[in-house]
Participant: 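This is the structure I want to talk about, given as structure tokens.
Each chain gets a letter, A, B and so on, in the order the sequences are listed, and its residues count up from 1.
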Amino acid sequence: MLKEYANKILDFLINVICAATRKCMKLMVNYNCHPLIPHQRRYTQEPWPDNVKLFQPYEVEQILLPDNASCLAVQAFLKMCNLPFEVEMRWNAEFMSPSGRVPFIKCGAFVVPELESIAQFAANKGVTLTSKLSSEERAEMRAYMSLITNVLVNAELYISWLDQETFNAVTKVRNSSVYPWPLGWIQTRSKRAAVVKRLKALHWHDKTLDQVLADVEQCCNSLSQRLGDKEFFFGTPTELDALVFGHVFTIITTRLPCRRLADTVSKCTSLVSLAKRIDERYFKRP
Amino acid sequence: MASIELDIWRGEWGLASIDLECLKVLTYMKFIGVPVKVREVSNPFFTPKGTLPVVRDGRKVLTNFEEVVDYLKTLHYSTDLHLNTKQAAEASAFTQYLKDKLYPAYQYCWWVDEKNYGDLTRPTYAKALQLPFNFYYPSRYQNAAKDMIEALFGEHADLREIERTAFLEAEKCLKTLSDRLGESEYFFGNRPTSFDAVVFAYLAPLVKAPFPNPTLANHVKAINNLSRFVARISQKNFRNVTDEYNKQNAKKKSAGTQSESEIANFPNQTRNKILAALFAAIAMTGFAVANGMFQDMKEFQHSQDYSEMFENEEDN
């Protein structure tokens with residue numbers, strides 16, 4: 001009982017400290033950004049500028065599995081659209097982002113987070129990968145993207161934050177590596193509480209690791225059945241291919257203490273070869 | 001085989017059940033035609049998770065739609081046998097899509113929107129529940145829905161922003177569903193599947209329940225082929241429920257609706273009146289005792305002088 005109360009008080013204090021820290025970090029942003037306001041349509045008629053920057057956490061020491069997958073997916077999407085951009089690594093990228101999630105791009109005076117909004121933003125500027133798809137195929141694409149967001153992203157969050165082995169060996173170390181000691185511990189604790197709350201609300205918290213992996217396997221089977229032996233899901237590369245690439249490539253190339261997620265995904269050979277193909281085409285230096 | 005029992009929330013407004021999960025399971029069972037005993041339960045206290053539906057078959061207890069579909073498949077009851085693997089994959093992807101985009105808006109509309117919750121959801125569940133529990137369960141479900149909405153849309157501080165975003169996503173989702181359905185009878189050919197059961201369960205309450213704040217409901221009703229889809233399945237599989245509701249409606253219209261609706265809104269009028277009278281009586285007695293009036297009354301009984309009593313009152 002006493003432990004419960006102590007934990008509750010500790011969590012409350014940590015919440016207060018983190019809110020204050022977040023406010024300070026927002027002030028440390030070194031330029032002015034305005035989140036994209038929907039009714040300012042006239043600004044979006046300008047063509048894609050040359051100095052677009054993609055912000056993400058540090059790749060080598062800091063970034064975690066789910067964030068890495070999202071960042072890679074967005075990079076693949078921008079490369080497929082032939083839109084030039086530069087990658088900028090910042091330790092406080094997630095606090096600079098308007099939605100709290102990485103990656104986000106800074107495009108002129110606008111800051112746009114996450115793949116769906118970025119795809120919409122590019123479409124407003126006339127750049128889209130789905131122009132040749134019928135409306136039914138576009139509907140299917142959105143459904144499959146939801147499938148990945150609901151299953152793979154939540155599975156990655158589960159493995160990174162709820163699996164004790166991975167959390168202690170990888171997540172805790174990487175997340176707190178960019179802060180001085182007490183702040184790192186506080187920040188990791190509060191982030192874990194937020195992730196647990198989210199997974200509880202989505203009914204993922206009570207699942208066992210086996211159930212999570214079974215869901216992942218079903219998701220990968222659905223995707224590989226849709227892909228069949230085609231080169232891309234809909235003939236030409238689309239944001240669905242970028243998203244699948246981001247998640248599959250990250251999962252199979254990230255070394256975690258728990259190898260089971262990577263093994264489950266590697267079983268779907270068509271998805272793995274799709275990921276390798278996209279990597280060859282868009283990410284290898286000539 | 002007739003040993004399968006299904007416990008669900010009761011129905012209202014021409015629906016077989018007011019709850020999403022119950023409607024999913026019930027519609028699926030109607031599609032298959034499996035013999036099942038349906039019970040309208042008013043007390044979810046004894047269920048494994050505190051929610052309905054609950055499917056019991058001998059020793060086996062199942063609580064959600066996916067488990068029920070898998071179990072019926074083992075008993076060789078399934079509507080999805082005519083789907084090839086590609087369609088099955090598409091169905092599972094679309095189910096996730098509905099869960100991702102439409103479910104938050106649905107929960108917001110039912111539980112989080114203040115007007116809808118106060119005027120529609122809570123009275124309906126209160127009517128369905130027995131007395132002690134009708135204070136507890138609706139607020140528990142509301143808290144669960146609020147947590148989910150916060151987890152998904154936490155970065156928006158304003159409830160109206162959340163509503164706008166959620167309904168925008170739901171609108172896109174409904175349009176996608178409508179595009180996918182096109183002019184065909186069901187989503188995958190002309191035989192219903194588990195996916196059709198899921199879509200019906202989402203759309204039917206939105207179409208039929210009289211929401212005070214009908215934003216999402218209007219979106220659904222504005223899409224013709226989805227409304228026709230709901231009507232078609234209602235006609236085919238829930239004809240007795242809709243007929244009963246229409247009969248009740250006609251009776252209400254002829255007998256004068258005012259008292260009926262009042263009774264529906266205030267189901268415990270007599271109880272409230274008795275409680276109020278009791279409370280007033282206790283309050284007045286307490287006041288009288290505090291002022292020592294009973295003492296005076298006792299003295300009055302012993303004293304024969306009428307005017308003496310008035311003297312004492314003035315002194316007080």
Participant: Mark yes when over 12 heavy atoms from residues, nucleotides or ligands other than B/N218 sit less than 6.0 Å from its CG; otherwise mark no.
Facilitator: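 Yes, CG of B/N218 has more than 12 neighbouring heavy atoms, counting only those of other groups under 6.0 Å.
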
Participant: For a 4.5 angstrom cut-off between non-hydrogen side-chain atoms, does A/Y144 reach B/Q96?
Facilitator: no

Participant: Any chance you could measure A/R142, atom CZ, to B/D100, atom CG, to the nearest 0.5 Å?
Facilitator: 12.5 Å

Participant: Where on B/K175 is there a heavy atom nearer than 4.5 Å to chain A: the side chain, the backbone, both, or neither?
Facilitator: neither

Participant: Using a 4.5 Å cut-off on heavy atoms from C-beta on, say whether the side chain of A/E140 contacts that of B/F94.
Facilitator: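 SC-SC contact between B/F94 and A/E140 confirmed.
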
Participant: OG/A/S146 to CG/B/L102 distance, rounded to the nearest 0.5 angstrom?
Facilitator: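 Output value for this atom pair is 11.0 Å.
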
Participant: Find the one option among B/C173, B/A88, B/A93 whose heavy-atom pairs under 4.5 Å with chain A are most numerous.
Facilitator: B/A93

Participant: Sort by residue number and list every member of residues 195-232 of chain A having a non-hydrogen atom under 4.5 Å from chain B.
Facilitator: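 Only A/K197, A/R198, A/A201, A/L202, A/S222, A/Q225, A/R226 of residues 195-232 of chain A have a heavy atom under 4.5 Å from chain B.
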
Participant: Measure A/E116 against the heavy atoms of chain B and call it side chain, backbone, both or neither at under 4.5 Å.
Facilitator: side chain

Participant: In terms of heavy-atom contacts, does CZ of B/R122 have more than 12 from other residues, nucleotides or ligands at under 6.0 Å?
Facilitator: no

Participant: Which distance, rounded to the nearest 0.5 Å, do you find between the NZ of B/K99 and the CG of A/L147?
Facilitator: 12.0 Å

